[in-house]
Structure formats: C-alpha cells, structure tokens
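Comments concern the structure below.
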Amino acid sequence: MKNIRLNILVVLILAGSLTFMQGCDTIFGSKQDDTTDEIFDEGRIDPNLEKVDGYAPVLPVWENFDAPTDVYVGFDTFVYVTDSEGLHVLDRADLAPRVTFPMKGAVSVVQDRLLNVYVAGRIDTVIENIDPNITWDLPVIYKVRNLNGTGPVEVVDTLIFPFADASLSTTAAKQSRLDRNSALNYELVEVTGLTVLTDNTLYVTRRGPFTDNSQVAAPDNIVLEFQPQVINGAETDQMVNVRQIRTLSPTTPSLLSGIGMSDIQGLIGPPQRDTFTDDRSFIIAQAEPGVEIPFRVLWVNAVETTDGLIFESNADLLRKDTAAADSFLYDAFKFDSPSGLAFAGDQTRFIFVVDQAQHKLYQFQANGQEGVNPPAGAADQRKRIIVSFGGLGSGPKQFREPSGVAYFDRVVYVADKGNNRIVRYKLTSDFE
C-alpha cells in the first residue's frame, strides 16, 4: 500500500465529516431522560388504512434521502442508511437530526459485534508507480469506529481493491487489473454486499468482468472473507483477506453459483446478546441481468470437515412441503433482480428479500417456506399465509426499485431507492 496515495480531497471530506459526531447523547439526546420513550418509539400503524392482512405500514415514512441503497439497524440499535450522499446515522424514530458522512458511491453498510461499522463504496486513488497523473475510481470498504458516539469517530482501516484481495499476491498481478484499455479494468468491479459473523468475520460480495475461476487470481464474482489481522497474539483494527470462496461458480447457474452477486447475509443479526450461532453459512442474491438463473437467492452451508471448512448447497430447501406452504424460496425463477437480503436476529429467523425489478418485498421462513404462521381462527392452521407484497408505485405498500432491507424488533425497514425514502412495516396483531 505504500505506493498508493489517496485523493486528498476525499480524505479531507471524510475526516472532516467524521469529526462532527461527538456522542450519542449530544446528537440523539440522552437515553436516560424523560423523552426516551418518545424518541425511540418506532412509530404506529397508519390508523387511516383499511384492515391490513400481514405487514402494515408504520408512520411516519422517512423521506428526504437521495436514492438510498441500503438500510441496517445495528447492534447499537441505531439505523444506518447509505445513499448517493454517503452514510446517514439515525435513531429508530428519526426524530433527532440525522448525521451524514459523505462517502462516494456508498452501497452497503453493516456493523460487527464490537460496533465497528463497515461501509462499501468507491474511492478516488492515485497509484504513483503506475501513473501519478491518473486518479482511479476503485471499490473500497471503510471500517469506522465509534459511530455510535462512544468516543472519537475514526476510520481505522480502508480496504481498497484490488489491493485488499490476497489472491493478487504480487504487484504485477494487481497492476494487471489497472489498465483502462482492458475490458478487465478494475474500475469496472463493484463491492456489493457486506455481512458479519459471530466472531466478527466480514463476508464481502464482489462482481465484475473477470470470471475465470481457474487462475491463481480469484474471479470478480466471488465471496471474500476478511478477519482482523493478528500481531503478537492480539487482534488489530486492520482486516486481512483470509479466504476467497471459490466454491461458487462465477458463470454457470446452479445451487452453488455467484453470478452478479448483489448482496450477502449471514445467519446472525441484532439485537446484541450473550451467545450467537457460530454457523458460518450465508445467503446470497444473484442479480446479473440477461442470464437465465433459476435460483437467484441461495443459501450456502458452511460445513466443518477433517479437511477444513467447505461450502455446500442447502439441499433441504429443495424439499417443499406443499401441505405447509404454497410457495418457497427455492421456486424456480421466483426472482428477477434480488437486490437486498436480511435475516431476522430474533426467534422468528425470517428471511427477507427485496427485488428491485419486481418492486417487491418477500418474507420467508428459515426452512424456505414463504409466509407466516396462520392467525388464530384461520380455517387451515397448518398452512403458511403469504404476506409478501409490493408493486411499482409510491403508495404505502408499493416500491420503486427497492435496494436494501433490514429487520429489528418486529419492524422491517426497506430502502425504497426510487422513491427516495425508508419505509417501515410491522406484522399486524392477528399474525403476532
């Protein structure tokens, strides 16, 4: 990294923005004063709506975003939103002033259990030993500490690609991807999704033009695993790429493919608790256009063997109990362009998918069945009730290219990109 000089303007804007936030109490108000219940009230179902089966809109709608790309409720219970302006930090009622950190091309955000926040975006970078007069537009992941206000906010690591990819082990290998006359120019590569595991491992989805999985260099369409670097037995803030998960085919659709991945989701989520599963499995979304992909949302199992960790398809999701549900996560050609995933961190273990081409929010059980348990009094007490919804528009249960989804404390959050808003939903009491 010594040959890389970050664009000074980008660094100054980011640093200046991060120094603005001083603490939770200063910006969001004390959580121990008389206004706590009001500030952190998550809103109420719209009383003007007719009876709603399934998910009901929660008021107020959060507006005045600029094409939001992702939404995430952290282990610290704050809400993080990325859009064309950068990263926004909100309380769960959006009553306090939003705090905004300009970040170029911010598309995904997640928080680990140590409350470090990771943001995927773009960065302007000069690589002096290639050409000091060229500014490259490259994918980046920022690791930011103390966005929850517990201390001075600082960027503790900056993962710039292709330099953060351990499969590109030589300077020549890295520089070979930085040729603006080549169709494999790394400026065409995107980091699209982030998720964390119990031990604060970071999984990253990436997509781009290089799809040869037979080379030493990993293909662009891949899941990368990052862990904190250990020096003298102690973890540091710096993240290192410890694995490229090559099990997923970058070109051939199957139950183990990763073609144009748009998001990734692990099997844990807020709120914080004493124990979480140590399962390293994950769910991915494949959004590559123009390719016939029967199963665009895949659950990939991580299995410990005597030879180490391997990744397998979740064949259990192909076993569809039609007596219990009418539709399933693994119905062929169910999705057109899945753009965001969420996994409920509570006992429901719901899976949420937003599809930007269908303008729709889907909800599934962890066993792949679509829907929720039937309410009391339903004629069929065994069969799931489908509560997925959507359609193109700006109405309370419509979307325009939704791009991100989150879940926290029985509330679903959707980044409604085309309508420049974050909308929230709760299951109506009949289903709770």
Any side-chain heavy-atom pair of Tyr203 and Val196 under 4.5 Å: no

is_close_aromatic(Phe389, Tyr425), centroid dist under 6.0 Å: yes

Salt bridge present between Arg207 and Glu190 (N-O < 4.0 angstrom): yes

Mutual orientation of the aromatic rings belonging to Phe352 and Tyr407 [parallel < 30°, tilted 30-60°, perpendicular > 60°]: parallel

Contact check, side chains of Arg206 and Leu224, non-hydrogen atoms, under 4.5 Å: yes

Asp220/Arg177 salt bridge by N-O under 4.0 Å criterion: yes

pair Val297-Leu341: side-chain heavy atoms closer than 4.5 Å: yes

Carboxylate-amine/guanidinium contact Asp355 Arg296, below 4.0 Å: no

Pair Thr205-Thr192, side chain to side chain donor-acceptor pair (under 3.5 Å): steps then yes or no: CA-CA 6 Å; Thr205 48; Thr192 58; 2.9 Å; yes

N/O donor-acceptor pair under 3.5 Å between Ser388 side chain and Gln363 backbone: yes

Under 3.5 Å: donor-acceptor pair, side chain of Thr69, backbone of Ala106: yes

Nearest-0.5 Å distance that lies between atom CG in Asn420 and atom OG in Ser84: 8.0 Å

Test: Arg98 cationic atom under 6.0 Å from Phe65 six-membered ring centre, within 45° of axis: yes

Interatomic distance, Asn241 atom CG to Glu225 atom CD [nearest 0.5 angstrom]: 8.5 Å

Heavy-atom side-chain contact between Ser327 and Phe364 under 4.5 Å: no

Non-hydrogen side-chain atoms of Leu248 and Val223 separated by less than 4.5 Å: yes

Note, Lys334 side chain near Glu370 side chain (heavy atom, < 4.5 Å): yes

Test: Arg421 and Glu63 ion pair at under 4.0 Å: no

Pair Asp199 + Arg280: basic N to acidic O under 4.0 Å: yes

Centroid-centroid distance, Tyr413 to Tyr72, less than 6.0 Å: no

Lys143 side-chain N/O to Asp237 backbone N/O, donor-acceptor pair under 3.5 Å: yes

Charged N-O contact under 4.0 Å between Asp326 and Lys383: yes

Pair Asn185-Glu187, side chain to side chain donor-acceptor pair (under 3.5 Å): steps then yes or no: CA-CA 5 Å; Asn185 175 24; Glu187 290 179 302; 2.9 Å; yes

Between His88 and Tyr80, ring centroids under 6.0 Å: no

More than 12 heavy atoms of other groups within 6.0 Å of Arg273 CZ: yes

Under-4.0 Å salt bridge between Lys360 and Asp336: no

Lys/Arg-Asp/Glu bridge criterion (N-O < 4.0 Å) met for Asp137, Lys104: yes

With Tyr362, the ring-ring contact (aromatic ring centres under 6.0 Å, His included) member among Tyr55, Phe328, Phe335: Phe335

